[in-house]
J.: 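The structure's right below; bear with me while I get my questions together.
Residue numbers start at 1 and run along the sequence shown.
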Amino acid sequence: MKKLLTSVLTLAATAGFVFAQESVASPDPTVIGNDSARQALKEVSVDRFELEGSWTASISPDNGVIGVRLFEGSPAAKEPIQGDEDIPDTKVLGVKVEFFHRGLNSFFIRSTRPIPIEGVTKTISLWATGRNIDHTLYVLVQDYYGNNFELYVGTLGFSGWKKMQVAVPPTPDGEHGIIQQSATDGERPGLRIVGFRVDCNPVLARGTYYLYLDDLRAVTDLYDVENRDEDDMRDDW
């Protein structure tokens, strides 16, 4: 009986751990921030990586050289946003890094200008190929006031294409953390995507490394936008 009870408790603990892992990997935008009754969530495309020259890449010249370009291709498992099926989406962004030596290296992938997202962003997602090397991906954002933040997306230690997703933590009091809206400072998009940073595993930062990205999206709350009266004035002058 004691062995049976131990097995049941072990199984329950294991199931709880797996559930926690899945929850971290796939944040639920409906439970982030406002009450669901006051949310109008919509998945929007932020960038499809279709325009040459819209992204740049950099690394310290002491650590290596880096290049960035577009390639024809697309993740087979990717599903288009409803209503956007006819919009061209045939390319991916490729990054090639040639390391000079092992060490605590990082490299950056930046948009030529910050990309605004309307509403209050709940989650950010993109498809990536990590080449099964344990480097770490962060997304770089600016909030309503232009303050810079970085959000941990995950490790790139997997093979093939994978959809990666991160939750944008809500401000606890409207004054600290990532602030996306203000009733006293006019109107403008709440969050802007600046780019990405990859922190390299110091043991594995050697030789040549390839990274591919595609289909940058966000789930955003458009409640305030969609519920504005047509005759209401805009506070953007």
J.: Could you pull out every donor-acceptor pair under 3.5 Å between side chains of residues 64-75 and any protein atom, sequence neighbours left out?
T.:
| residue | atom | partner | partner atom | Å |
| --- | --- | --- | --- | --- |
| Ser74 | OG | Lys78 | NZ | 3.1 |

J.: For Arg48 and Leu216, indicate whether the former's side chain and the latter's backbone hold a donor-acceptor pair under 3.5 Å.
T.: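 Between the backbone of Leu216 and the side chain of Arg48 there is no qualifying donor-acceptor contact (under 3.5 Å).
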J.: Among Ile, Leu, Val, Met, Phe, Trp and Tyr joined by side-chain contacts under 4.5 Å, find the other residues sharing a cluster with Leu51 and list them by chain and number.
T.: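 None, because no other hydrophobic side chain comes under 4.5 Å of this residue.
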J.: Going by salt bridge (Lys or Arg N to Asp or Glu O under 4.0 Å), name the residues that satisfy it together with Arg197, two or more places apart in sequence or in a different chain.
T.: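 Listed in chain order: Glu150, Asp199.
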J.: Quick one: list whatever passes side-chain contact (heavy atoms from CB on, under 4.5 Å) with Glu85, sequence neighbours left out.
T.: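 Partners of Glu85 by the side-chain contact (heavy atoms from CB on, under 4.5 Å) criterion, ordered by chain and then number, come out as Pro80, Gln82.
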J.: Can you list the residues that meet the salt bridge (Lys or Arg N to Asp or Glu O under 4.0 Å) rule with Arg110, with sequence neighbours excluded?
T.: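 Partners of Arg110 by the salt bridge (Lys or Arg N to Asp or Glu O under 4.0 Å) criterion come out as none, since no residue qualifies.
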J.: Can you sort out the partners of Thr155 under side-chain contact (heavy atoms from CB on, under 4.5 Å), two or more places apart, ordered by chain and number?
T.: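 Only Asp134 meet the side-chain contact (heavy atoms from CB on, under 4.5 Å) criterion with Thr155.
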J.: Tell me which pairs pass ring-ring contact (aromatic ring centres under 6.0 Å, His included) where either residue lies in residues 97-137, with sequence neighbours left out.
T.: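 Passing the test, one end in residues 97-137: His135-Tyr209.
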J.: Which residues pass the side-chain contact (heavy atoms from CB on, under 4.5 Å) test with Ile81, sequence neighbours left out?
T.: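 Ile81 satisfies side-chain contact (heavy atoms from CB on, under 4.5 Å) with Glu43, Ser45, Asp84, Arg217 once adjacent residues are dropped.
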J.: If a pair satisfies ring-ring contact (aromatic ring centres under 6.0 Å, His included) and one of its residues is in residues 159-183, list it, with sequence neighbours excluded.
T.: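 ring-ring contact (aromatic ring centres under 6.0 Å, His included) check on residues 159-183 returns no pairs.
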J.: Is there a donor-acceptor pair under 3.5 Å between the side chain of Asp221 and the backbone N or O of Ala40?
T.: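 Present.
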J.: Tell me who clusters with Leu104, hydrophobic residues only, linked when side chains sit under 4.5 Å apart either directly or through other members.
T.: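 Members other than Leu104 - counting any ILVMFWY side chain reachable under 4.5 Å - there are none.
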J.: Test question: given the 4.5 Å side-chain rule for I, L, V, M, F, W and Y, name all other residues clustered with Tyr138, or answer none.
T.: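 Members other than Tyr138 - counting any ILVMFWY side chain reachable under 4.5 Å - are Tyr152.
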J.: Can you list the residues that meet the side-chain contact (heavy atoms from CB on, under 4.5 Å) rule with Thr208, with sequence neighbours excluded?
T.: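 Thr208: side-chain contact (heavy atoms from CB on, under 4.5 Å) contacts with Lys96, Glu98, Tyr210.
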J.: Taking side chain as C-beta onward, heavy atoms only, is Leu191 less than 4.5 Å from Ile124?
T.: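 They are in contact (side-chain heavy atoms under 4.5 Å apart), so the answer is yes.
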